[in-house]
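Worksheet: one structure, shown below.
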Amino acid sequence: MKGRYQAPKGARDILPSESHKWRFVEDAFRAVCRDYGYREIRTPVFEHSDLFTRSLGDTADIVTKETYTFEDRSGRSLTLRPEGTAPIARAYLEHSLGAESDCLKLFYAISIFRYERPQKGRQRQAHQLGLEVIGPESPTADAEIIALTMDFFKRLGLPDDALSLQINSVGDATCRPAYRQALLEYARSKENLLCGLCLDRMEKNPLRLLDCKNPACQEAMADAPAIDPFLCDQCRAKFDEVQARLNDLGVAYRRNHRLVRGLDYYTNTAFEVLGGALGAQNALCGGGRYDGLIEELGGPATPAVGVAIGIERLLIMIEELGVSVSEEPRPDLFIIHMGAAAKAKGFEIASSLRRKGLAVEFDHNDRSLKAQMRLADKSKARFAAILGDDELAAGAITLKNLDANEQESVALAELARRLQR
């Protein structure tokens, strides 16, 4: 019978039976970040609301309809973190992290909160892995972020043919206004074919029309002008170098002229990786350059590039493709005790063995020998140690190899060495 309370809609429990899959993903991410020299940063779950309204732009869906915003007891407006980059930019300024290095390389593993319709791979409390490089203007930083992301997917065991890396340039403040105007003029000619959301976005940020998932809008915008003729020489040169560096590394990609990012702070490079096993919601990650964000938040003009990776969708893809996941670590020993004296001694032995680096399980209930053996099998322990009055009298323990179904008597003083051997 279910209890009275359940998790809120769009939030879910990660149970012990599946948590090892999450650790598998997170451990692989931390390992590849270590190899590339990235350090972890952790920011608060909530921030002042104007951090997000100022950084994300007033046309972003996150700001207009998805944030969890509330007032605290002092009347301050706070928002649960809907994405990871703006809080890191705030921390960069608040703690003068730029003084540490002119190439600050950071990673994070966080929960984010967005009020949207829950569906496969998308929850109201979701989980992200992310990377940020703050300081360097060089396109090699863009290429490194992309290469690291693809290396991470490879370490998880995702096959190359199941992934599609797509890249584009969205220009900058110099050349994007002309492209924006060309898109706006084209969109006005298709106004009667666009959905209500696109009509609302059209005057504020016409680039977002390329991002609409409505099939009718996609068809209407199919012949919209591409950005290439509008790119200034500097933006074109930067994008050419990103592609050249990816080619040097053998990183396969596809140019997608319609690719834009949903947040207003992006400039120049934009990219995403699509997963072939995910259906309609197929974006595993999205990222790009955001050279104007830190300046927008009151700091100096500071180049930066980053990516955010959705853990839920990664796990779905891993399952759909049947990728092998590291199993839950097995206990070394399960201690089975018969009688009060054996229980007390077994509890002491368990603690001693754990201090020696062994993983030991112990039954706190007074179950029968047969019931405890079933628990030992269920735990997948390598060995079971049976301790009763006879063993106590002999100063020994019966050690059973559960894999080989063999047992032997081992002196208590030798038990740790025997298990470690």
Side-chain angles (χ1 to χ4, degrees), residues 3 12-35 39-40 42 109 127 129 152 155-157 311 314-315 318-319 322-421:
R12 60 182 292 267
D13 301 306
I14 300 169
L15 302 177
S17 59
E18 57 181 336
S19 61
H20 69 284
K21 300 176 184 177
W22 290 71
R23 286 199 304 275
F24 168 74
V25 170
E26 293 163 2
D27 289 349
F29 183 67
R30 291 177 186 278
V32 74
C33 287
R34 180 194 63 230
D35 291 349
R39 295 184 297 157
E40 184 173 13
R42 304 189 186 200
H127 300 80
L129 305 169
F152 167 54
R155 292 196 189 200
L156 291 178
I311 297 181
L314 261 183
L315 288 169
I318 285 170
E319 183 175 349
V323 173
S324 177
V325 175
S326 299
E327 294 186 0
E328 188 78 9
R330 298 174 63 186
D332 295 304
L333 181 69
F334 192 105
I335 294 181
I336 296 171
H337 50 81
M338 302 304 299
K343 182 177 182 180
K345 185 62 176 177
F347 187 68
E348 177 188 334
I349 292 171
S351 180
S352 174
L353 292 174
R354 289 165 184 155
R355 287 195 294 268
K356 291 180 171 65
L358 293 162
V360 182
E361 292 204 19
F362 178 87
D363 178 30
H364 294 283
N365 298 306
D366 298 319
R367 293 181 173 89
S368 67
L369 172 64
K370 188 175 181 180
Q372 289 185 70
M373 284 299 300
R374 284 198 297 267
L375 283 178
D377 286 335
K378 187 176 180 181
S379 76
K380 299 182 180 179
R382 303 177 191 280
F383 292 90
I386 304 170
L387 187 63
D389 291 340
D390 291 343
E391 284 80 9
L392 286 175
I397 199 163
T398 300
L399 187 65
K400 183 171 184 178
N401 185 323
L402 296 177
D403 292 333
N405 197 27
E406 299 172 349
Q407 67 182 46
E408 60 184 307
S409 179
V410 177
L412 291 178
E414 295 295 320
L415 180 58
R417 282 191 289 272
R418 171 67 183 85
L419 290 169
Q420 289 167 340
R421 187 175 74 245

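Just so you know, these numbers use all the heavy atoms, side chains as well, and skip hydrogens, waters and symmetry mates.
- With contacts defined as side-chain heavy-atom distances shorter than 4.5 Å, the pair D332/V360 does not qualify.
- Under the side-chain hydrogen bond (donor to acceptor under 3.5 Å, both in side chains) criterion, the residue pairs touching residues 406-421 are E408-R418, E414-R417, with sequence neighbours excluded.
- Among residue pairs with one or both ends in residues 356-366, those qualifying as side-chain hydrogen bond (donor to acceptor under 3.5 Å, both in side chains) are K343-D366, S352-K356, D363-R367; sequence neighbours excluded.
- Scanning for side chain to side chain donor-acceptor pair (under 3.5 Å) contacts around D35 gives R155, with sequence neighbours left out.
- Looking only at side-chain heavy atoms (C-beta outward), I397 and I386 stay at 4.5 Å or farther from each other.
- Taking each heavy atom of L419 and L333 in turn, the nearest pair found is CD1-CD2, 3.8 Å.
- Considering only heavy atoms from C-beta on, V25 comes within 4.5 Å of F152 through its side chain.
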*Take E328 and R23 through the test salt bridge (charged side-chain N to carboxylate O under 4.0 Å, His left out) and record every step on the way to the result.*
CA-CA 9 Å; E328 188 78 9; R23 286 199 304 275; 3.0 Å; yes
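- H337 has its ring centre no less than 6.0 Å from the ring centre of F347.
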*Would you please test K21 and E18 for salt bridge (charged side-chain N to carboxylate O under 4.0 Å, His left out) and show each step?*
CA-CA 6 Å; K21 300 176 184 177; E18 57 181 336; 6.0 Å; no
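- With sequence neighbours excluded, no residue forms a salt bridge (Lys or Arg N to Asp or Glu O under 4.0 Å) with R34.
- Side-chain contact check for F334 versus L402: every heavy-atom pair is 4.5 Å or farther apart.
- Using a 4.5 Å heavy-atom threshold, the side chains of R382 and N401 count as separate.
- Judged as a ring pair (Phe, Tyr, Trp, His ring centres under 6.0 Å), and not counting sequence neighbours, F383 has no contacts.
- Heavy-atom neighbours of R42 CZ from other residues, nucleotides or ligands within 6.0 Å: at or below the threshold of 12.
- Sequence neighbours left out, the pairs with a member in residues 388-404 that pass salt bridge (Lys or Arg N to Asp or Glu O under 4.0 Å) are R330-D403.
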